[in-house]
Structure formats: structure tokens, C-alpha cells
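Presented below is the structure to which this report refers.
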Amino acid sequence: MYTNQRINALGNRKYLAFSLVFLPFVFWLSWYTYSGNSWTPSLPFSCRFQYDHFRKDGSYLDHLLEIRLPRMNYSQPETMNPPRRDILVMTPWFAPIVWDGTFNIDILNQQFKQRNVRIGLTVFAIKKYVVFIQLFLETAEKFFMVGHKVNYYIMTDRPKDVPNVTLAEGRKVVVLEIQSYARWQDVSMRRMEMISLFAKEQFIQEVDFLVCVDVDMRFSDHVGVEILSDIFGTLHPAFYRGQRQQFTYERRPASQAYIAYIEGDFYYAGGFFGGTVDEVYKLTNQCHNAIMTDKANSIEALWHDESHLNKYFLNHKPTKILSPEYLWDNSMGVPEVLRKRRFVAVPKNHVQIRN
């Protein structure tokens, strides 16, 4: 009798202790579930199992808020009258190619504001490249994702040299100190490693999309949510008219970046790519692993991380492609198809700036 009472008492105390510890967690998880937070895909499996349990009956949907936006007036799209006939606007795998005249930014802004997205913009400013940060940020504030929340992720070995730039509400600079390397080629290739590491450890908690670009550039026209997609690349300005045999892919079979002459869709620039944090992590992590494999085999791809980016996009087709409007060098002139030059190279002496 006494033993049974002791067992029951112990059991009750254990149950009470378990309840005191576990129930607050359940209420906490339920609160996050019904408030529609976006971090749940990154939860550990055990937590996601609990989260999915609460979602089964769909009742959480009743708690989602509808963002009411003003009605819009715009021209009706015409099925038999496409806005551009002079360029390719769709790939064979149904990924749109973004050119001026192919989208209505007002419609897109409304759609993305309903989702309340935050965009991360990553740049590397190693050694002397810190001199480009000021112009980069000032022009980004005028043209990049205007009206949306933005985190500027500045990865640099000289954090004290990052200038203070006045930013609009909802936008901020996040300085991430990283290691420098003696060769500019190593700096370029290590970008994939750094982006993948920060994507996993930090970016996934802070932003919905990542846009990864070069810092020695300036924004000169609108660059907005029209670029956003699961994973996107940009047509290289030197090869957007070229045939695959002319592309400067890595042609040595020993490299992980190898692409045969009979393969390839487009040649993508290493200076402008992005997507959701999950997809950018997969891209950069796989490219970094391929770079490390090449290094172990004493081979370096012709155009370093750009070569590996092109190999990745050969096997994992981008869901959207940006035209050369989004990455241009004014020294190449202005072809007729290029109605806008949105993101352009800053003139510089490459030898001086890299050493």
C-alpha cells in the first residue's frame, strides 16, 4: 500500500514536472505556428513534426492576416501582342528571361508586399575593394528594391573601413568580417564557401531571398522584385549573343566544372545570381565542394567560381534569368536591344585594385 502510494506520488510529481517543462514549449510552439512565422522550415525535424501536427486540420489558416492593397489600373495584357519580339523572353524549361518591357513593376510590388519579404544583398569587399562600398550603397539606396526591406551584407577583411551611408527605413548594413587571401582568384572562389556558411548560420533566420553581386559596380536604374525567384542567374554581357561552342566554360574533363562543347544553354555571369536562401545555400555549397575537389586534384577551373556556377546551372536550371541589363560594362557600347543599363561596372585598373 505504502509502496503503491509512493509510486503514485512519484508518478504524479514526475507528471507535474513534465507538464511544467513541456506544456510551455507546446504553447510557445503553438503561438509561433498560428502567428504564421516563416522560420519553421529551418526547425529541427522533431520540432517540425510537432509543427506539422498542429497544421493538420488547417485551422491555422484562419489566423493568417490578409494585407489589403489599393486597387490598380493598368493595361490589359494581350495574348496575341507580346511586348517584345526582338529578344528571347522564355527558356525551353519555362523560365522567364527578364528584359525591360516584359513586366509591370507595380503589379509585382503589390504581390511581394503582401508577402512582406526581406531581401539580403551580399557583396565581398576584400583589401582595396572597400573603396567601392560607398558608391555601391548610395546607388543601391536609389535603385535597389526601393520600398522593400533590405539587409546589405558586407563581407570584408576591413570592417573599420566600411563607410556610414544613410539608409531608408527597413534597410540596414550588416558587416561580416572574413579572412583575406593573397591571390584574387582565391578570394573569388572563397565567396561560395562564405555565402554557404552564412546562409546556413545566419541568413536563413533573417531574410527570404539572397542577391549575390560584385561590389565594384553601381546601380544606375531600377532593380526590383522582378528579379526574385527560387534560383536565378544573369546572362553574361560578353556572351548573351554567342553560341555554346564560344562560351568560356571549363573544357578540361578533369575539373568538376567541365562542360562539353555540345552542352550548355547560356553563359552565366558570376557577378549576379541569387534566389531563396535555401536554394542559394544549395548552389554555393555544391560549388564550394566542387572547388575543393578540384583543389585536391591540383586543378583550378578557368574562370574559378564562375565556371562552377555555370556547371551548376547546367544541371539545375535557374527558374528565372536576368538579361544583360542587370550586369553591363559601358565599355562594350550600348546595343539596340539594351533599353536599360541597370547595374554597371565601375571603371578601374584591375591590376592596381587586386594587388
Side-chain angles (χ1 to χ4, degrees), residues 74-108 111-112 143 209 211-214 217 219-251 257 259-276 279-280 283 303 306-345:
Y74 53 87
S75 299
Q76 177 188 347
E78 299 180 45
T79 306
M80 305 306 295
N81 186 25
R84 296 286 296 264
R85 297 177 183 268
D86 56 335
I87 37 84
L88 182 68
V89 298
M90 185 72 69
T91 71
W93 58 91
F94 284 113
I97 304 177
V98 185
W99 298 83
D100 181 57
T102 62
F103 61 91
N104 184 318
I105 191 57
D106 295 324
I107 297 175
L108 290 171
Q111 297 302 307
F112 276 89
F143 298 113
F209 291 92
V211 181
C212 308
V213 301
D214 288 342
M217 307 283 290
F219 293 89
S220 56
D221 209 318
H222 162 89
V223 176
V225 294
E226 77 279 358
I227 73 174
L228 299 180
S229 187
D230 285 352
I231 191 72
F232 63 84
T234 304
L235 299 180
H236 196 292
F239 298 105
Y240 70 99
R241 293 178 180 269
Q243 299 297 306
R244 57 169 58 134
Q245 294 80 9
Q246 301 169 321
F247 296 161
T248 53
Y249 291 148
E250 173 54 60
R251 302 299 188 180
I259 298 177
Y261 281 97
I262 60 171
E263 294 182 300
D265 304 304
F266 306 101
Y267 189 86
Y268 301 96
F272 202 135
F273 65 91
T276 63
E279 290 298 325
V280 171
L283 181 157
W303 287 107
E306 184 174 86
S307 296
H308 291 277
L309 176 74
N310 274 274
K311 180 60 176 287
Y312 185 88
F313 279 150
L314 175 64
N315 296 325
H316 309 81
K317 307 297 189 191
T319 54
K320 184 176 287 185
I321 296 174
L322 309 185
S323 71
E325 294 174 2
Y326 292 88
L327 190 68
W328 193 253
D329 189 328
N330 285 331
S331 66
M332 302 175 69
V334 186
E336 187 176 349
V337 296
L338 206 71
R339 296 180 181 178
K340 292 184 180 293
R341 290 165 287 165
R342 304 174 187 275
F343 191 51
V344 298

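- To the nearest 0.5 Å, atoms NE2 (His222) and CD1 (Ile105) are separated by 3.5 Å.
- One distance of note links OH of Tyr249 with CH2 of Trp303; it measures 15.5 Å at 0.5 Å rounding.
- Inter-residue side-chain proximity for Asp221 and Val344 is flagged as unmet; no heavy-atom pair is nearer than 4.5 Å.
- Taking the six-membered ring where tryptophan is involved, the planes of Phe343 and Phe272 are perpendicular, since the angle between them exceeds 60° and thus also 30°.
- At least one side-chain heavy atom of Met217 sits less than 4.5 Å from a side-chain heavy atom of Leu327.
- Residues Trp93 and Pro318 approach most closely at NE1-O, 2.8 Å, considering heavy atoms.
- In this structure, Asp106 CG and Tyr74 OH are separated by 10.5 Å, a value rounded to the nearest 0.5 Å.
- Legend: salt bridge (Lys or Arg N to Asp or Glu O under 4.0 Å) pairs involving residues 229-242, not counting sequence neighbours: none detected.
- Shortest non-hydrogen contact noted between Leu235 and Tyr240 is CB-CB, 4.1 Å.
- Rounding to the nearest 0.5 Å gives a distance of 10.0 Å between SG of Cys212 and CG of Leu309.
- Inter-residue side-chain proximity for Phe313 and Ile231 is flagged as met; some heavy-atom pair is nearer than 4.5 Å.
- One finds the OG1 atom of Thr234 at 13.0 Å from the CH2 atom of Trp328 (value rounded to the nearest 0.5 Å).
- Between Pro82 and Arg85, the shortest heavy-atom distance links the atoms CD-NH2, 3.4 Å.
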Quiz item: Lys317 and Asp265: side-chain contact (heavy atoms from CB on, under 4.5 Å), yes or no, with the steps?
Solution: CA-CA 9 Å; Lys317 307 297 189 191; Asp265 304 304; 2.6 Å; yes
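- When every heavy atom of Glu306 is checked against every heavy atom of Tyr268, the shortest pair comes out as CG-O, 3.6 Å.
- Between His316 and Tyr312, the ring planes lie parallel to each other; the angle is under 30°, not in the 30° to 60° tilted range.
- You'll find the side chain of Asp100 reaches within 4.5 Å of the side chain of Arg342, heavy atoms only.
- Between Phe232 and Tyr326, every side-chain heavy-atom pair lies at or beyond the 4.5 Å cut-off.
- Contact of the Asn310 side chain with the Phe247 side chain is not registered, since no non-hydrogen atoms from C-beta on lie closer than 4.5 Å.
- The two residues Phe266 and Ile97 make their nearest non-hydrogen contact at CZ-CD1, 4.2 Å.
- Within a 6.0 Å radius of CD in Gln245, more than 12 heavy atoms belonging to other residues, nucleotides or ligands are found.
- A donor-acceptor pair under 3.5 Å is absent between the side-chain atoms of Glu279 and the main chain of Thr276, judged by distance alone.
- Between Leu338 and Glu325 the shortest side-chain heavy-atom distance falls below 4.5 Å.
- Leu283 CG to His308 NE2: the interatomic distance, rounded to the nearest 0.5 Å, is 12.0 Å.
- For Phe239 and Tyr267, the ring centers sit closer than 6.0 Å to each other.
- Residues Asn315 and Lys311 meet the side-chain proximity criterion, which asks for heavy atoms closer than 4.5 Å.
- The minimum heavy-atom distance linking Ile227 with Lys320 is given by the pair O-CD, 3.6 Å.
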